[in-house]
Structures are given as C-alpha cells and as structure tokens.
2 protein chains.
Amino acid sequence: MELSDRKTKILEAIIKNYLETGEPVGSRTISKYEDMNLSSATIRNEMSDLEEMGYILQPHTSAGRIPSDKGYRFYVDRMMADREKEVSDMHEMVVQKADQLSELLKQVARLLASNTNYAAMISAPQIHRNKLKFIQLSKVEENTILAVIVVEGNILKNKMISTDQPLDDDTILKLNLLLNTHLNGLSLEEINLGLITLMKEQAGIHSDVVGSVIDAVADAIRADENLEIYTSGANNIFKYPELADNSKASEIINVLEEKNQLSELVSDSLSKLNEGEESQGHGIQVYIGSESPFDSMKDCSVVTATYELEEGMRGMMSIIGPKRMDYLKVAKTLKTLQEQLDTLYKKKEE
Amino acid sequence: MELSDRKTKILEAIIKNYLETGEPVGSRTISKYEDMNLSSATIRNEMSDLEEMGYILQPHTSAGRIPSDKGYRFYVDRMMADREKEVSDMHEMVVQKADQLSELLKQVARLLASNTNYAAMISAPQIHRNKLKFIQLSKVEENTILAVIVVEGNILKNKMISTDQPLDDDTILKLNLLLNTHLNGLSLEEINLGLITLMKEQAGIHSDVVGSVIDAVADAIRADENLEIYTSGANNIFKYPELADNSKASEIINVLEEKNQLSELVSDSLSKLNEGEESQGHGIQVYIGSESPFDSMKDCSVVTATYELEEGMRGMMSIIGPKRMDYLKVAKTLKTLQEQLDTLYKKKEE
DNA sequence: ATTAGCACTCGATTTTAATGAGTGCTAACA
DNA sequence: TGTTAGCACTCATTAAAATCGAGTGCTAAT
C-alpha cells in the first residue's frame, strides 16, 4: 500500500497529538482538527490502513492508536528533512567558559537536561591522533619522582614513581633527556619492544624507572578506555508516566549511573559518524526504542550529537527520554550547544 | 516514664521485626515470640506506653506499630554499643589496588552498594595540611608552558599557560627557580600579596606567567571545592517500596546525581569527626530520617564512615537506604572497607 | 468515496462489600 | 496489683461488581 498524502497528514497528526498527551489518540480527536475535513469514520478507515502498514498500533482492542517505532522513525526523518522550521523559545543557554574541562562538561550536561526536561549525558572528548609530545620527570621526594606526560591535544597524564635508591638531580636530567630524545613524536604503535630494550640498556641501573614511565605513556595514549561520562537530569524520567514505573525507572537509572553501557553508545555513535553518515545533518543521530544498541533503552529514545572541542577532540552528548519526546526541540537544543562549544573553541584559538 | 527492661525487650522486638518485614508490627506477633511469655493484651499495654514515650508510632488507628526516628536512634545506639556481635556472612569484598584513585573510589562505591543493596557514595579524600611542595614549569609548545604543581599529600594540579612571546629554555629555568625558592613549603595563607608583588617584580616582563602560576597554586590548594564524589547502586532504592514511590525516588536520585548536597554531607560529617566525636567507634555516623542535614533525605537513613588513605588524606563514604536498613550489616560493611583501605595504604608505604 | 449510525469491546474508575489485622477497654483472675 | 481473656470497634486492603466512556468495526445510506 502507498502512503498517500492524506495518510501522511493523519499519521503526523496522530504522532503530534501523542507527543503532547502521551495518551492513545482516537479517530474523533483527529477529525476535529480544523484542516482535517473528514469524519471520524473516514479517519478510522485510514487508521486501520496505517496500522496494517505498521506505522501505528493499538495498545489493546478498542483503544486509540499510538505510534510504533516505525511511525516515530517516519516522523523523525521527516522532521529532520525540513529543519528550517526554527524553534525560537530556547531558554537562556550560554556555556560559561570553565578552566576545568570536567566542569565545562558537567555544565553542558546540566544545560541539556534542564532545557529539555529529559535526561542528558555527555562524554569527554576522545583524542584521535595520539602522539607523544613531551615527558617531564621531576623529583618530588627522596625516593619518589613524578612523571608528567603530554600527548598531542595537550592531554596530560601524571604518574608517581617510587625508586629503590634516591636519584640525584643529575640522573633525573639524564633520564629526561633519554626519554625525550627517543620517544617524542611517536605514537603507541611506534614504541616497540626493541626501542624499549634499547632505552633500558642506556638507562643502566635505572631501567626500572624507564619501564614505569613507558607504562604511564601507554596509559596516557589509550586514555579512551576509561572514557569519562557526565550525566544530568536522570530524575526527569519520572515526569513521563510510561517510564516512571519502578522496573523501567530502575533500569534507566542504572544505565545512567553505571555509565559503561553509555560508553558503548558513545563509541557506536562516534564510529557511525566517522563513517561519514552525515547525511542527516550535523551528525545528529536518533535511536528510537528498539533501534537503540542496548535493550535497557527499549522504551526510550536516544538522540545523540557529536561535538568537537579542538581539532580532533570529539565527544558525544545525548538526550535520553520517552519515545514521545519533542524531537524537534531536542535536535535544536543539541545543535545550539554544538555550535556554542565550537565557538568556545575558536575563541580559545585566537 | 522509665524504659523498663521489659519495654526495652519489646521495643527491640518490634524494631527487629519491622526491619525484616517493612510492615507495621502488631501485639500478637510479638506475643508469639518464644522468649516473650506475655499475652498480646499485655504487649498492647506496653506498646501504648512506648508510643506515649515516642519510640514507636501508628501509621493510622488500628494499625500495628512502626519505629519512630527516636526508636531507630535507640536501636542504633544500642547496636553500636555491643558491636562484638560479628556478622560473618560478608560477601567477597576485596578492594583491588588501582593505579587511578578515581578507579579505586568507583570500585569501592560499587562494592558498598552491591554488598548492602542500598545506594552508596564515596568522596575523594580531602587534604588537610595543604602546603606547596613543588612547582615545575616546562615548555610544551612555542607559546605554551605547562605548570605542574605538587601539594603535600602528592596532589597534583596541571595548568597550561599561554604566553604572549615565546619563552626560551633559559627563562623557564629562571622562572622555575624563582617560583620554587619563594613558594616551596608555604600554605595558602602564607602566600600574601607582598610576596606575590615581589615575585612579579623579579620576573620582570614575565610577571603575567607568575600570576597565572599563582592562580593555579591557589586552585590546587583549595581543591576541596570541587570535591569529587562517586555513587553507585542508586537503583537499589527501588527495592524498598517506601522509597520507590515516584516523588521520593525522584528526589533521592536527584541528590545522588547532582552531588552538591552530598558534598555538604561530606563536610558536615568530616568536621564532626574532627571534633573528636569518636565515641561511637571508628567514626561511623548514623543519620536517621530527619536527623539528616537535608530535607531530601527525610525518608532515608544515611550511615557514614570516614577513611584515611594516606596521612591526612581523609574521605568519606556512606550508605543511603530506607530507615529500616540493616544497620548492623551496613556498619560492618563500612568498617571492613575502612580497614581494607587502610591496609592498602600501609602496603603502599612499605 | 464519504459518512451517519449503532452495537460492541474493554480499560479505567467508582462503588460496594468482605476480610482481617490490630486496637482499646473492661472485667475477671492469681 | 499485674496479667489476661474477651469483645466491640476501626480501618487499610483486597476483591467483586457496577458503571462509564472512549474508541472501534461494520453496515447502510448518501
């Protein structure tokens, strides 16, 4: 069967109404719309077709219709297409510059949640081009030295290293030189066993220090493993009765708190974006119900967007809410913040 | 009225039963206990007295009795007193050493939550004796230098500083020397305006760099402001019907997620502990219902314990659950982890 | 092709009744 | 005088029944 213009119009009306009310919508309701000069009976017939086509469904016999995942998908795709419709009732939403990256991210998460009334999360940016830039050893205590490792993108890693014997300043200077001359500018792959052995040899009795430093370097470069994620507005889900029931709420809260599933989502979303699926504009992805990469979100929709803070430093933010979320507003909010983060970066550049 | 032995026994029986069932307990139930050779009528009379004295209350006429906050308090104090009763059915609860402090804390939070079936939180340790130990400037890029600041207790703070003109290695060395000779060993109070001005003068055209570094030092020393807190097991609250109702759950989840109230709790609890109120053994504090420092926890009990990771690095962990929580087990669990963290520290020392 | 009309369905809400755990009080008892 | 059996009463909870009404599908008329 074809999706006629009229069917489209009716489907859209159903979804819009359901988004607002959260209640199944009946034929009568639709027929009362001004620009819909049809009787409820006609609407019923069309609805019956739409149901057969899989766009809507009945929670039970003799109830109104609600959108199916397919129906939502139709709506979202359509909405994304004509995005010229600007939503203008945006809250004040200004990202303050923060000297701590973590503070900035927390702030953004909070903004997202409070503006949308859904739950929000944001991941710290992941680095892509991970080359070692710089190593600095310094003596902190008699038997303790501090290694500071700087990776491209100015990501830092600190490590305290205890030594058997006290090291004098001169030795530290030498080790510093040794490490920097050998390792600077290298990526993880380029630091091979041969190189490590060579350096250990040259370090003589201090080879254990070199070993520790190299471990720290490895940690610093693949920092994405312990991907930091910040969330906000988890309690917003209680505003939507369809999510507020105990077992569902518990599951969602758990996902938001334990974060490990979220980090999968981040990887998934980032990699999809990198594959160049930018067709849907500005890298905004929508997962509706069962489209989500994991089960625990099957009653929710997740809208994700990437952001780029500095060259190559990409992170992801997302909104988690009921399927009947206000997709338009959410997309708009995400986009606004995307732009703001972008601007913030540019300012920094100057 | 006096709390006779018999009243005490009955009160304890009521509370114990309520902790298990979560239901109001009636006179008949108590009278059936083997070691309680009294008829339900007698129990009723005693209960009536206990209610008058404020230890128990009726949710409504003709319902059984439940403990009041005062009743819980009585029970907890008593329980804390004879703590020789060891609970032995502890889960495997071994803290793995982690090189990242944050990983360690997350792990502990998770252990607490999974062992108790309540929500858990832990704060990163706060430093008390905050003296500057060491500053290291290094050049990272042409116009960027990195300042690493080490404070007593080996807390680190990094800051990237952009400069107007490029700095040569020699200048950096000089600034390093300048900063370290003047500032080492000083606390926040001791770094006064006079000293700062003096240093800026000596730095000549590079006074702005000195300024930036001093800012970073200030940040590092009062690091307690952005006190990190980790939570786990928030969804456990759904296991207790009296907390699982939407508005209450929402409030609790919110507190756990937004953390700022928790950090007040941390300060409160740490300062109380520092005042030497160690009478209740091992620094374990119990807040029952309205005893809690904030309203949002009025339906919960909060049990807190401090831990000490290294000399002077004290943090706080706590369990948040229903008033009818298993106080004994919770106290035991906290104590076990306290000890483990302690051991971990000692191992590190060797 | 559209629509008015009508019987029918079924979740939700309200009403009513039944249940039973628990109380307070009184009078009898040791 | 403290303890207890007995009884009338209360009231949340549960179950069952009745009612409501939004919504449907189908049919016959336009």
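The structure displayed is predicted, hence computed values, not measured ones. Every chain is numbered from 1, with letters handed out A, B, ... down the list of sequences.
- The separation between A:Q58 atom CD and C:dC8 atom C1' is 14 Å, rounded to whole Å.
- There is a side-chain donor-acceptor pair under 3.5 Å between B:S290 and B:D69.
- Residue-environment remark: CG (B:D5) stays at or below the threshold of 12 foreign heavy atoms within 6.0 Å.
- For A:N45, the listed nucleotide lying nearest its side chain is C:dT3; candidates were C:dG22, D:dC11, C:dT3.
- For the pair B:K323 and B:Y72, the cation does not sit on the ring face, since its NZ or CZ is not both under 6.0 Å from the ring centre and inside 45° of the axis.
- Heavy atoms of B:T42 sit under 4.0 angstrom from at least one base atom.
- Take the nearest nucleotide of DNA chain D for B:H60 and for B:R6: the residue whose nucleotide is more 5' is B:R6.
- When the P atom of D:dG21 is taken as reference, atom CD of A:E23 falls 16 Å away, rounded to whole Å.
- Computed from coordinates, the B:L38 CG to D:dA5 P distance equals 11 Å when rounded to whole Å.
- No side-chain donor from either of A:Y287 and A:S318 sits under 3.5 Å from a side-chain acceptor of the other.
- One interatomic measurement links the two molecules: CD1 of A:I66 to P of D:dT24, which rounds to 13 Å at whole-angstrom precision.
- Of the candidates D:dG25, D:dA22, C:dT3, D:dG25 carries the atom nearest the A:R44 side chain, counting heavy atoms from C-beta on.
- Going from atom CG of A:N37 over to atom P of C:dT3 covers 9 Å, rounded to whole Å.
- With hydrogens and angles ignored, no donor-acceptor pair under 3.5 angstrom links the side chain of A:S39 to the base of C:dT3.
- Between B:R65 and C:dT23 there is a side-chain N or O to OP1 or OP2 distance below 4.0 Å.
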